[in-house]
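Indexing begins at 1, ligand by ligand and atom by atom, following the structure's order. Predicted, not measured: the structure shown is a model, and the values here were computed from it. Count residues from 1 along the sequence.
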Amino acid sequence: MSLAIELQAPTAEDGMSVYELVQNCPPLDTNSAYCNLLQCSHFADTSVAAALHGDDGESQLVGFISGYILPGKPDTLFIWQVAVSDKARGQGLASKMIQHILQRPNCAQVRFIETTITESNGASWALFERAAKSLNTELNRSVMFEKQQHFKGEHDTEMLVRIGPFSR
Ligand SMILES: CC(C)(COP(=O)(O)OP(=O)(O)OC[C@H]1O[C@@H](n2cnc3c(N)ncnc32)[C@H](O)[C@@H]1OP(=O)(O)O)[C@@H](O)C(=O)NCCC(=O)NCCS
């Protein structure tokens, strides 16, 4: 069944819902509520909120991507986190949210996407491999934050994924 989902830039009013959604989307690291509020305000132009509208007029946040343009690299969109609630998975929502951000006027110069993924996050690899295919370009990987060197052994290595160049 396809759901009535609307994609929009987030506002600060979405901040706490983002906090709750991320909590319900392991293995994502939760951030502070304050961090989510900044994502929904300072980084709203490169982030997206997916709202599911119910028959009762209520809406619920079922998807979120936090992203930003890399400082000093206006051609690169960095995707920080992607979260889709259980009920909305497997329908292409995460892929649609990435495309939605790329279509914004402030992403007109973007030719690369970067993100980081741990080796064991199969769903995330599948999502970004799909994005590279859809954009008809390649995906390269390298180590960004290493388990011992950067996390003192407390977190798995985060692989840097770079997708591009692409044009739209
Ligand atoms: C990863 C996640 C965002 C995917 O959301 P989604 O809306 O279900 O993803 P999509 O439907 O757009 O799928 C995109 C691609 O990934 C694949 N995929 C999605 N979930 C998958 C899974 N669990 N295992 C294998 N492949 C998966 C899809 O098959 C699709 O590929 P295809 O088009 O080649 O078939 C969602 O499962 C989630 O929130 N997981 C928990 C948080 C997380 O790990 N986030 C990613 C880290 S940034």
Enumerated ligand 1 atoms positioned under 4.0 Å from heavy atoms of [X]:
X	result
C25	41 (C), 42 (C)
P26	41 (C)
S95	12 (O), 14 (C)
A83	39 (O)
A126	15 (C), 16 (O), 17 (C), 18 (N), 26 (N), 27 (C)

To which protein heavy atom is [atom] closest, and what is the distance rounded to 0.1 Å?
atom	answer
atom 31 (O) of ligand 1	R130 CB, 4.0 Å
atom 39 (O) of ligand 1	V84 N, 2.9 Å
atom 8 (O) of ligand 1	G90 N, 2.8 Å
atom 22 (C) of ligand 1	A123 CB, 3.5 Å
atom 3 (C) of ligand 1	V82 CG1, 3.5 Å

- Evaluate the criterion side-chain contact (heavy atoms from CB on, under 4.5 Å) for residue pair Y68 and L77; output intermediate values, then yes/no. CA-CA 6 Å; Y68 55 87; L77 172 70; over 6 Å; no
[atom]: any protein heavy atom closer than 4.0 Å:
atom	value
atom 28 (C) of ligand 1	no
atom 20 (N) of ligand 1	yes
atom 33 (O) of ligand 1	yes

- Message: Does H150 have more than 12 heavy atoms from other residues, nucleotides or ligands lying within 6.0 Å of its NE2?
- Response: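 Yes, because the 6.0 Å sphere around NE2 of H150 holds more than 12 heavy atoms from other groups.
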- Task: Inspect the surroundings of CG in D55 and state if more than 12 heavy atoms from other residues, nucleotides or ligands are less than 6.0 Å away.
- Result: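 Open.
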- Task: Would you please say whether a donor-acceptor pair under 3.5 Å links the side chains of Q60 and K87?
- Result: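 Side chains of Q60 and K87: pair found under 3.5 Å.
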- Task: Would you tell me whether Q81 and N31 have side-chain atoms, one donor and one acceptor, within less than 3.5 Å of each other?
- Result: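 Side-chain D/A pair, Q81 to N31: present.
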- Message: Would Q23 and V18 count as a side-chain contact (heavy atoms from CB on, under 4.5 Å) here? Give the steps.
- Response: CA-CA 8 Å; Q23 273 187 322; V18 171; over 6 Å; no
So which bit of [X] gets within less than 4.0 Å of ligand 1, heavy atoms only: side chain, backbone, both or neither?
X	value
N121	side chain
R89	both
K96	neither

- Message: Check this for me: does any side-chain nitrogen of one of E129 and R141 sit under 4.0 Å from a carboxylate oxygen of the other?
- Response: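 Salt bridge flag = yes for R141 with E129.
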- Item | Ion pair D156/K147, N-O distance below 4.0 Å |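 Salt bridge present between D156 and K147.
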- Message: If you take the nearest heavy atom of each of A94, G63, S124, P27, which one is closest to atom 46 (C) of ligand 1?
- Response: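 The nearest heavy atom belongs to S124.
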- Message: Considering G92, G122, S134 one by one, which has a heavy atom nearer to atom 11 (O) of ligand 1 than any of the others?
- Response: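 Checking each option, the heavy atom nearest atom 11 (O) of ligand 1 is found in G92.
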- Message: Rounded at 0.5 Å granularity, tell me how far CZ in F128 sits from CD1 in I117.
- Response: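 Spacing of CZ (F128) from CD1 (I117) equals 5.5 Å.
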- Message: As an exercise, state the distance from CG of D86 to CG of N24, rounded to the nearest 0.5 Å.
- Response: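 Atom-to-atom, D86:CG and N24:CG are 8.0 Å apart.
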- Task: State whether F112 and R162 meet the cation-pi test: NZ (Lys) or CZ (Arg) under 6.0 Å from the six-membered ring centroid, and within 45° of the perpendicular axis.
- Result: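 Verdict for F112: a cation-pi partner in R162.
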